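We use all heavy atoms of the structure for the numbers below, so side chains are in, but hydrogens, waters and symmetry mates are not. These figures come from a predicted structure and were not determined experimentally. Order of appearance sets the numbers: ligands from 1, and atoms from 1 within every ligand.
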Amino acid sequence: METKSVSKLALFFFCISLLIGPEFTQCSVTYDKKALLINGKRRILLSGSIHYPRSTPDMWEDLITKAKDAGLDVIDTYVFWNVHEPSQGVYDFQDRYDIVRFIKTVQKVGLYVHLRIGPYVCSEWNFGGFPVWLKFVPGISFRTDNEPFKVAMQKFTQKIVGMMKNEHLFESQGGPIILSQIENEYGPTEKRLGQAGEAYLKWAAGMAVGLNTGVPWVMCKQDDAPDPVINACNGFYCDTFLPNKPYKPLLWTEAWSGWFTLFGGPQNHRPAQDLAFAVARFIQRGGSLINYYMFHGGTNFGRTAGGPFITTSYDYDAPIDEYGLPREPKYSHLKELHKAIKMCEQALVSSDPTTTTLGSFQEAHVFSSGKGNCAAFLANYDSNSAAKVVFNGMHYNLPPWSISILPDCKNVVFNTAKVGTPTSHSRMLSTTIQPHSWETYGEDVSALEDSSTFTSVGLLEQINVTRDNSDYLWYITSVDISPSESFLRGGEKPTLAMQSRGHAVHVFINGVLSGSAYGSRSNMRIRFSGPVNLNAGTNRIALLSIAVGLPNSGVHFENWNIGVLGPVVLHGLDQRSKDLTWQKWTYKVGLKGESMNIASANGVSSVEWIPASLVTQGQQPLRWYKAYFDAPEVFANIQEYTDKQNAKLAAVNQLSDGTMCPDPG
Ligand code: GAL
């Protein structure tokens, strides 16, 4: 059942009129053990995550419309604190961060919103969504019973709720927001923190409920969510999950439609059949809200990815791909599944399932309200073999690992394992960037010191220095080499050995790249050891340490260190090894190209670019590259594309006929 924008408008006036009418009723969202109730009506809700900063405002309406066409009722988004409050007390709600515009777009298209405020979000997002300035608030400790943290979290949560209320966006005010989330998967962290975790959990739930939004709050992966907050499941399957009270509904806030990608890692895929099977399996248990995480994953623009090592693409193998195109057959298969589920909605919301065994690995789940509503789900859990079963005296063939949906308890309208031929919606056109159009600008690594550099004794932790204003931090020191060293006369070269807490490092000796090393998501620490070319006299050692996105999860991830933490030692000198750890180091935050803003459209010409073809191998390897290309034409559909191609071809043919040439006489 779709929520049309017209009916939404009508609903709004309906609520107002009831408010001033004789029988005092309010727009409301409540819940019971079966489902969420929107204005008194139980609903089976199909939802999908689309995170507003992961696409451009130009894309939003199209993405949301595609989600609606696929049969979704709800769009789910986190709120990303660090993009909204980049410095303490300075707010940004413009362009991709215009959350009010995003929610109003969902409303315009005619869908509901689940607003996951967090404000901790995880989400492969830098620092799990927390602004980096938060780490430097005196006495702070994240996500625990800590006053400075609670004050900051409450202030931001109140700000967001206040903005939504001012714009009348909660359903209780006639708006589209039917559900909100506080915190995110806090359960496992709470267990690690013990009493302080329990106290914080109670505080967070109470704080949220006290904001009186008029719509329910959820906490995902939170078995002890305090009333009236609903605990919800996240996972690839939610087959054994139960609400913590018998009067709460069965909600699945993250049904993972695929998975994210790590630099150097595989592109993960989740087959449409398996996803549909998991969803149908949850519905047949009595589940009433399922949110696909993600329905459109999109892009981690700029430096928003966190983890670390998460790629800029957040495609996620979602039903709508990174570029906003339906991913087939996933998109169409889920659309058919949703149609089948919606055909069962009446039976699903008005009765509890009865389960009967049809075979060793086969079951029937039947919803029958006794008022003529009957829906059945026939499941085959055997992943290898199809099964023939008898249900209500009729024969059914169930493919392996599948569920058949019978909205009238007789006729199969959908089987999760049978993928139909999708109608082709769109096609990607490629555009070529000519190899000779690339230009390059080399970072000058020979003269790093300028007015922004400073010196300190010993090695400093990276985030303390950069405050995450850049991924890059230069650690620069020098070493004097005596002309009598034997390696200068053909002996074995000395070796530089260093350790870093991550995430990657390039070693430059006298302005020349000497080696690189990087960690991984499971082991961020780096050990570097390699021979170095040193000259008699003063040599400069410059270590470029790189953060590849800050951590987004883990107990007290605010205390995790990164950067070169030593020891840094030169081995193989005549006398002995030379420990450089505690000598004077000069620090420089960021690259020159960054400070000149050359990656932005208006900063590109501020340096001297040279054709990339003139750069020979072995030249300074730290380079920026740029090229221009023409954006390909956009066609509304394949027919329009074909018509235009044919018209172009006809024009060319006419020209070659000579019939269109101007008369020479
Ligand atoms: C969940 C988390 C999400 C996201 C997901 C993996 O545990 O709640 O925010 O990180 O994992 O994509």
Side-chain angles (χ1 to χ4, degrees), residues 47-55 75-83 114-130 142-143 179-192 201 204 217-223 225 229-238 241 251-263 265-270 274-275 278 282 289-300 304-322 327 330 521-522 548-555 557 560:
S47 170
S49 290
I50 300 180
H51 296 155
Y52 53 97
R54 285 179 156 141
S55 52
I75 300 298
D76 165 307
T77 182
Y78 280 129
V79 178
F80 297 86
W81 185 358
N82 53 11
V83 301
H114 174 200
L115 193 64
R116 304 176 82 192
I117 299 179
Y120 167 71
V121 299
C122 191
S123 195
E124 294 68 73
W125 195 258
N126 201 41
F127 225 33
F130 287 148
F142 286 3
R143 303 179 76 206
L179 199 61
S180 289
Q181 180 177 301
I182 193 75
E183 254 293 342
N184 189 74
E185 297 191 334
Y186 187 62
T189 304
E190 181 197 0
K191 289 198 178 89
R192 298 269 301 273
L201 164 73
W217 288 90
V218 292
M219 289 184 114
C220 56
K221 275 205 189 165
Q222 194 69 60
D223 294 346
V229 178
I230 311 166
N231 62 313
C233 182
N234 289 350
F236 285 108
Y237 300 92
C238 278
F241 170 79
L251 310 183
W252 188 358
T253 36
E254 290 182 27
W256 296 325
S257 58
W259 201 241
F260 55 82
T261 312
L262 294 170
F263 281 116
Q267 301 267 335
N268 298 299
H269 292 291
R270 181 167 195 194
D274 185 54
L275 182 56
F282 189 67
L289 178 144
I290 291 166
N291 175 67
Y292 295 98
Y293 186 101
M294 302 293 298
F295 205 75
H296 167 258
T299 306
N300 293 319
T304 56
F309 299 107
I310 305 289
T311 56
T312 38
S313 170
Y314 200 63
D315 179 89
Y316 220 89
D317 198 34
I320 301 178
D321 76 11
E322 179 170 9
R327 167 168 281 114
K330 204 175 248 185
R521 191 164 153 94
S522 52
V548 192
L550 301 188
N552 69 331
S553 63
V555 176
F557 64 80
W560 295 8

Quick one: side chain to side chain contact (heavy atoms under 4.5 Å, CB included) partners of Phe260, sequence neighbours excluded? Glu124, Leu262, Ile310, Tyr314, Tyr316, Arg521
Using a 3.5 Å cut-off on N/O to N/O, what pairs does ligand 1 make with the protein? A line per pair would be great.
unit_1, atom_1, unit_2, atom_2, d
ligand 1, 7 (O), Glu185, OE1, 2.5
ligand 1, 7 (O), Glu185, OE2, 2.7
ligand 1, 8 (O), Tyr78, OH, 3.4
ligand 1, 8 (O), Asn184, ND2, 3.0
ligand 1, 8 (O), Glu185, OE1, 3.4
ligand 1, 8 (O), Glu185, OE2, 3.4
ligand 1, 8 (O), Glu254, OE1, 3.3
ligand 1, 8 (O), Glu254, OE2, 2.8
ligand 1, 9 (O), Tyr78, OH, 2.7
ligand 1, 9 (O), Val121, O, 3.0
ligand 1, 9 (O), Ser123, N, 2.8
ligand 1, 10 (O), Ser123, N, 3.2
ligand 1, 10 (O), Glu124, OE1, 3.4
ligand 1, 10 (O), Glu124, OE2, 2.7
ligand 1, 12 (O), Glu124, OE1, 2.6
ligand 1, 12 (O), Tyr316, OH, 2.6

Contact between Asn184 and Glu254 at the side-chain level, heavy atoms closer than 4.5 Å - yes or no? yes
If only side-chain N and O atoms count, and only distance matters, is there a donor-acceptor pair under 3.5 Å linking Ser49 with Asn291? yes
For Phe127, give me all partners under ring pair (Phe, Tyr, Trp, His ring centres under 6.0 Å), at least two apart in sequence or on another chain. Phe142, Phe557
Those residues at least two apart in sequence (or on a different chain) that pass disulfide (SG to SG under 2.5 Å) with Cys238 are Cys233
Run through Tyr237, Phe236, Phe295 and flag the one making a ring-ring contact (aromatic ring centres under 6.0 Å, His included) with Trp256. Phe236
